[in-house]
2 protein chains.
Amino acid sequence: MTDDDRVFKALADPSRRFLLDLLFARDGRTLTELESELEMTRFGVAKHLKVLEEAGLVVTRRSGREKLHFLNAIPIRQIHDRWIDKYTEHQITTLIDLKRTLEEES
Amino acid sequence: MTDDDRVFKALADPSRRFLLDLLFARDGRTLTELESELEMTRFGVAKHLKVLEEAGLVVTRRSGREKLHFLNAIPIRQIHDRWIDKYTEHQITTLIDLKRTLEEES
DNA sequence: AAGTTATGTGACCATCAGGTCACATGTCAA
DNA sequence: TTGACATGTGACCTGATGGTCACATAACTT
């Protein structure tokens, strides 16, 4: 299994993406804290966090018996850079900003 | 199945990512042309292209009996924007540029 | 019209991935 | 040290996914 394979496989599951959303909103949470946000047993959440960590999307730090989880956005940026060059990036951000503006007006 | 679910599921397979790489390098190719680049039957490639198209990562245009495939990078940018805010983006691009520079020097 | 070329469909099978559970380890507090 | 708390492991079941094949449709060529 290659590095990027691990990243994309990790992102393929909605529960794992939701975990990233939670960490994006607020970093440094424990397993137990994250577990309370999902409709799933602790074991399921732990399994998902392990997948995210092995993919490098989440980094952890131990503090006593607790394990704190942090979002690492670098692999996300690398996905971006794989298929979007500087020129296209400018076009797309312009397009997305325009779309947002139009949606706000309506 | 939600829209973003389709996108992430589509990206989870290495063959499909390779197809995006091919289209990133050169757009507007037919199924037959793409098939020749993969170690897989035409049916497999067609199936993968269908998944990419339904995810909106590839858009197509018919030309007679041929079907031309084009890369659409907008969903990729939206993945980026989901977990990388403006401030973090600046930090990360700086970090990645630095990493690239160091690798070029060594 | 007949043959060739480009693509589409549905079934099939083997493998993988998500989720749960019983059980185990390590840490804090009294 | 005893109990409660936070996390880790391996087995297990079920549903989804990747790839192939037989068959089918549609369009270009001569």
Side-chain angles (χ1 to χ4, degrees), chain A residues 1-23 26-71 75, chain B residues 1-23 26-71 75:
Chain A
M1 172 112 69
T2 62
D3 277 6
D4 69 308
D5 215 37
R6 261 183 287 272
V7 172
F8 287 105
K9 287 265 167 58
L11 291 174
D13 181 84
S15 300
R16 287 195 288 266
R17 292 196 297 274
F18 182 58
L19 285 168
L20 292 183
D21 290 338
L22 291 174
L23 294 178
R26 183 164 52 82
D27 254 340
R29 307 204 214 189
T30 66
L31 167 59
T32 312
E33 195 176 350
L34 292 165
E35 172 205 341
S36 67
E37 305 270 354
L38 297 228
E39 310 260 319
M40 192 186 303
T41 63
R42 178 176 57 82
F43 306 99
V45 178
K47 213 167 180 177
H48 284 309
L49 286 172
K50 183 166 182 246
V51 173
L52 288 169
E53 189 174 356
E54 285 173 348
L57 285 162
V58 163
V59 292
T60 61
R61 185 163 55 80
R62 273 216 159 269
S63 166
R65 61 181 162 181
E66 292 185 331
K67 190 174 180 184
L68 307 181
H69 299 77
F70 301 86
L71 173 64
Chain B
M1 173 112 68
T2 62
D3 278 6
D4 68 308
D5 214 38
R6 262 184 285 273
V7 172
F8 287 106
K9 288 263 167 59
L11 290 174
D13 182 84
S15 300
R16 287 195 288 266
R17 292 196 297 275
F18 183 59
L19 284 168
L20 292 184
D21 289 339
L22 291 174
L23 294 178
R26 184 163 52 80
D27 254 338
R29 307 204 215 189
T30 66
L31 165 60
T32 312
E33 193 176 351
L34 291 166
E35 172 204 341
S36 68
E37 304 269 353
L38 298 228
E39 310 259 319
M40 193 187 302
T41 62
R42 178 176 57 80
F43 307 99
V45 178
K47 215 168 180 175
H48 284 308
L49 286 172
K50 183 163 181 252
V51 173
L52 288 169
E53 189 174 356
E54 285 173 348
L57 286 161
V58 163
V59 291
T60 60
R61 185 163 56 81
R62 274 217 158 268
S63 165
R65 60 180 164 183
E66 292 185 333
K67 189 175 180 184
L68 308 181
H69 298 77
F70 301 85
L71 174 63

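In this entry the distance linking CZ of A:Arg6 with P of C:dC16 reads 15 Å, nearest Å. For the pair B:Lys50 NZ and D:dG18 P, the computed distance is 13 Å after rounding to whole Å. Rounded to whole Å, atom P of D:dG8 lies 12 Å from atom CG of A:Leu34. A straight line from CG of B:Leu19 to P of D:dG19 spans 10 Å, rounded to a whole angstrom. B:Glu54 places its CD atom 14 Å from the C1' atom of D:dT17, with the value rounded to the nearest Å.
Remark: the backbone N or O of B:Phe8 is not paired with any side-chain donor or acceptor of A:Arg17 at under 3.5 angstrom. Although no hydrogens or angles enter the test, the distance criterion places no donor-acceptor pair under 3.5 Å between the side chain of A:Arg42 and the main chain of A:Glu35. B:Arg16 places no side-chain N or O within 3.5 Å of a backbone atom of B:Leu11 that could act as its donor or acceptor partner.
Atoms CG and CZ, from B:Asp13 and B:Phe18 in turn, are 12.5 Å apart once rounded to the nearest 0.5 Å. Atom CD of residue B:Glu37 and atom CG of residue B:Leu19 lie 9.5 Å apart, to the nearest 0.5 angstrom. To the nearest 0.5 Å, atoms CG (B:Leu31) and NE2 (B:His48) are separated by 12.0 Å. Atom CG of A:Leu49 and atom CD of A:Glu54 lie 11.5 Å apart (nearest 0.5 Å). Rounded to the nearest 0.5 Å, atoms CG (B:Leu52) and OG (B:Ser15) are 10.0 Å apart.
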Enumerate the protein-to-nucleotides 17-19 of chain C contacts in which both atoms are nitrogen or oxygen and the separation is below 3.5 Å.
| from | atom 1 | to | atom 2 | distance (Å) |
| --- | --- | --- | --- | --- |
| C:dG18 | OP1 | A:Arg16 | NH1 | 3.2 |
| C:dG18 | OP1 | A:Arg16 | NH2 | 2.5 |
| C:dG19 | OP2 | A:His48 | NE2 | 2.2 |
| C:dG19 | N7 | A:Lys47 | NZ | 3.0 |
| C:dG19 | O6 | A:Lys47 | NZ | 2.4 |

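A search for salt bridge (charged side-chain N to carboxylate O under 4.0 Å, His left out) contacts involving A:Asp21 returns B:Arg82, not counting sequence neighbours. Every residue meeting the side chain to side chain contact (heavy atoms under 4.5 Å, CB included) condition with B:Asp27, not counting sequence neighbours, appears here in chain and number order: B:Leu23, B:Phe70, B:Leu71.
Each end of the helix from C:dA1-D:dT30 to C:dA30-D:dT1 gets its own rotation axis from five pairs of C1' atoms, and the angle between them is 30° to the nearest 10 degrees.
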- request: Any chance you could list the contact pattern along nucleotides 2-8 of chain C? Use B for base contacts, S for sugar-phosphate-only contacts and - for none, protein heavy atoms under 4.0 Å, 5' to 3'.
  value: ---BSBB
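Residues in residues 58-69 of chain A take part in these salt bridge (charged side-chain N to carboxylate O under 4.0 Å, His left out) pairs, two or more places apart or across chains: A:Glu53-A:Lys67.
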